[in-house]
Amino acid sequence: MPFKCERCRSAVAEVFIPYARLRLCPDCFSRFYIARVKRTVEEYKMFGEGDVIGVALSGGKDSAALLHALKQAYPNLDFKSLHVNLGIPEYSSHCQAKVEKLTADLGVDLHIFDLRKELGISLDEFKKTQFKHKICSVCGTIKRHVFEELAQKLHINVLATGHNLNDMAAVMFKNFIYGHWEQLVRLKPVLHPQAEGMTRKVKPLIKSPENENLLYCLYNEIPFREIDCIFSLEVNARKDIKLLEVLAKDNPHLWHQMLNRFLEIMPMLESKVQKKPIKRCQNCGFPSAHEICAYCKRISIVRPMRNLVSEDTVKP
Ligand code: AMP
Ligand code: ZN
């Protein structure tokens with residue numbers, strides 16, 4: 001006999017939530033998922049009336065689930081979505097098509113920043129530079145900068161991303177092991193603007209496990225990418241997740257426990273991290289710890305005509 005859903009007690013349960021010992025039918029699962037996103041937004045006061053909210057869409061399942069759930073939780077709020085097309089052959093056009101379909105289905109404005117069109121470069125050009133083994137980190141630097149540029153243009157003051165529970169717990173764990181306190185404190189659910197005119201960064205899926213984001217997309221027929229980025233195969237970023245997955249087999253609460261413990265010690269860590277004085281990049285004017293920001297340094301390498309920085313001044 002199939003199990004009945006423990007919420008509605010009528011439909012057949014298809015999902016088992018191990019940390020809550022809950023069996024749910026697809027509809028009750030979606031309600032459970034949306035309610036958690038809403039609770040997370042409210043618990044950390046991620047946004048409210050008067051905020052202009054941008055949702056960063058990669059084409060992947062996490063950010064796709066995020067936009068869909070936010071629209072269900074806050075039907076009267078106006079979300080703008082942002083997508084960066086990185087010019088990675090095959091992959092980027094595939095991702096853009098998914099994001100276009102999703103936003104059309106949901107009736108959400110989509111703003112695309114295409115690296116090729118806007119800057120005449122693509123991410124894979126970094127394969128020929130000293131960053132060839134750090135493409136994912138270059139990608140992160142570019143995206144963070146572009147998000148802010150788009151946000152300024154669109155008057156967005158809150159930027160929501162689809163970082164999920166498992167990724168966040170694993171990255172926090174790694175930063176903890178290496179004592180990278182500065183990076184660790186930047187993983188908070190809400191990151192207030194670094195300088196005037198910058199966005200507040202929020203992570204409404206910080207409590208949502210990756211597999212639930214996937215299930216939510218499947219049950220709600222949400223389009224998301226079906227191919228992996230060629231560069232993600234080169235890095236071993238998922239190694240820490242694998243290790244934690246082994247531990248989580250015997251302890252379904254592990255991911256939430258890790259997140260909660262890190263959030264508990266966050267204020268202590270913040271006081272440990274010395275705040276560096278924020279300068280402005282001499283080229284783009286964005287906040288930077290150096291005269292020229294990491295973004296401008298990297299772009300100038302594959303776009304030498306701008307000749308901002310000579311190769312020998314660039315330290316990866
Ligand atoms: P990642 O660092 O690739 O795990 O992505 C984390 C989050 O950043 C995603 O959930 C999205 O919200 C956002 N993001 C990543 N890549 C892009 C992209 N190309 N365009 C817009 N947002 C992105
Ligand atoms: Zn700059």
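Only this structure's heavy atoms are used, side chains among them; waters, hydrogens and symmetry mates stay out. Order of listing sets the numbers, starting from 1, for every ligand and every atom in it. Because the structure is predicted, anything quoted here is derived from the model rather than measured.
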*Asks:* Considering all protein heavy atoms, does one lie under 4.0 Å from atom 5 (O) of ligand 1?
*Replies:* no
*Asks:* List the steps, then state whether side-chain hydrogen bond (donor to acceptor under 3.5 Å, both in side chains) holds for Thr103 with Ser81.
*Replies:* CA-CA 8 Å; Thr103 50; Ser81 60; 4.9 Å; no
*Asks:* Please identify which atoms of ligand 1 are closer than 4.0 Å to at least one heavy atom of Phe147.
*Replies:* 21 (C), 22 (N), 23 (C)
*Asks:* Would Asp27 and Tyr219 count as a side-chain hydrogen bond (donor to acceptor under 3.5 Å, both in side chains) if you check the C-alpha gap in whole Å, the side-chain angles of each, and the deciding distance to 0.1 Å?
*Replies:* CA-CA 8 Å; Asp27 285 351; Tyr219 282 137; over 6 Å; no
*Asks:* At less than 4.0 angstrom from any non-hydrogen atom of Val84, what atoms of ligand 1 do you find?
*Replies:* 18 (C), 19 (N), 20 (N), 21 (C)
*Asks:* May I ask you to list the protein N, O or S atoms found at less than 2.8 Å from the Zn ion (ligand 2)?
*Replies:* Cys281 SG, Cys284 SG, Cys293 SG, Cys296 SG
*Asks:* Can you find a pair of side-chain heavy atoms, one from Met266 and one from Val185, that are under 4.5 Å apart?
*Replies:* yes
*Asks:* Side chains of Gln96 and Glu100: donor-acceptor distance under 3.5 Å anywhere?
*Replies:* yes
*Asks:* Is it the case that more than 12 heavy atoms not belonging to His290 sit under 6.0 Å from its NE2 atom?
*Replies:* no
*Asks:* Going by atom types alone, do Asp228 and Tyr91 pair a side-chain donor with an acceptor below 3.5 Å?
*Replies:* no
*Asks:* Within the supplied structure, the quantity of interest is the number of heavy atoms (other residues, nucleotides, ligands) at a distance under 6.0 Å from Lys272 NZ; does it exceed 12?
*Replies:* no
*Asks:* Suppose we measure from atom 9 (C) of ligand 1 to each protein heavy atom; which comes out shortest, and what is that distance?
*Replies:* Gly162 N, 3.9 Å
*Asks:* Heavy-atom distance to atom 2 (O) of ligand 1: which of Arg144, His163, His83, Met168 wins?
*Replies:* His163
*Asks:* If you measure from each non-hydrogen atom of Leu82 to ligand 1, which part falls under 4.0 Å: side chain, backbone, both or neither?
*Replies:* backbone
*Asks:* Checking contacts now, so for atom 12 (O) of ligand 1, which I'm interested in, is there any protein heavy atom under 4.0 Å?
*Replies:* yes
*Asks:* Does the side chain of Tyr19 come under 3.5 Å of the side chain of His256 through a donor N or O and an acceptor N or O?
*Replies:* no
*Asks:* Any N/O of Asp62 closer than 3.5 Å to an N/O of ligand 1?
*Replies:* no
*Asks:* So is Leu86 polar-close to ligand 1, meaning N/O to N/O under 3.5 Å?
*Replies:* no
*Asks:* Would Phe176 and Phe262 count as a ring pair (Phe, Tyr, Trp, His ring centres under 6.0 Å) if you check the C-alpha gap in whole Å, the side-chain angles of each, and the deciding distance to 0.1 Å?
*Replies:* CA-CA 9 Å; Phe176 177 76; Phe262 280 124; 5.7 Å; yes
*Asks:* List the steps and the verdict of salt bridge (Lys or Arg N to Asp or Glu O under 4.0 Å) for Asp51 and Arg200.
*Replies:* CA-CA 10 Å; Asp51 285 320; Arg200 180 191 320 148; 3.4 Å; yes
*Asks:* Nearest protein heavy atom to atom 1 (P) of ligand 1, by residue and atom, and its distance?
*Replies:* Lys143 NZ, 4.6 Å
*Asks:* Within the protein, is there a heavy atom lying under 4.0 Å from atom 22 (N) of ligand 1?
*Replies:* yes
*Asks:* Relative to ligand 1, is Val55 under 4.0 angstrom through side chain, backbone, both or neither, heavy atoms considered?
*Replies:* neither
*Asks:* What residue and atom, counting heavy atoms only, is the protein's closest point to atom 14 (N) of ligand 1, and at what distance?
*Replies:* Ser58 CB, 3.7 Å
*Asks:* When you look at Tyr178 and Gln183, which way does the side-chain hydrogen bond (donor to acceptor under 3.5 Å, both in side chains) test go after all the steps?
*Replies:* CA-CA 10 Å; Tyr178 287 99; Gln183 281 148 321; over 6 Å; no
*Asks:* Can a side-chain donor-acceptor contact be found between Ser30 and Asn220 if the only test is distance below 3.5 angstrom?
*Replies:* yes
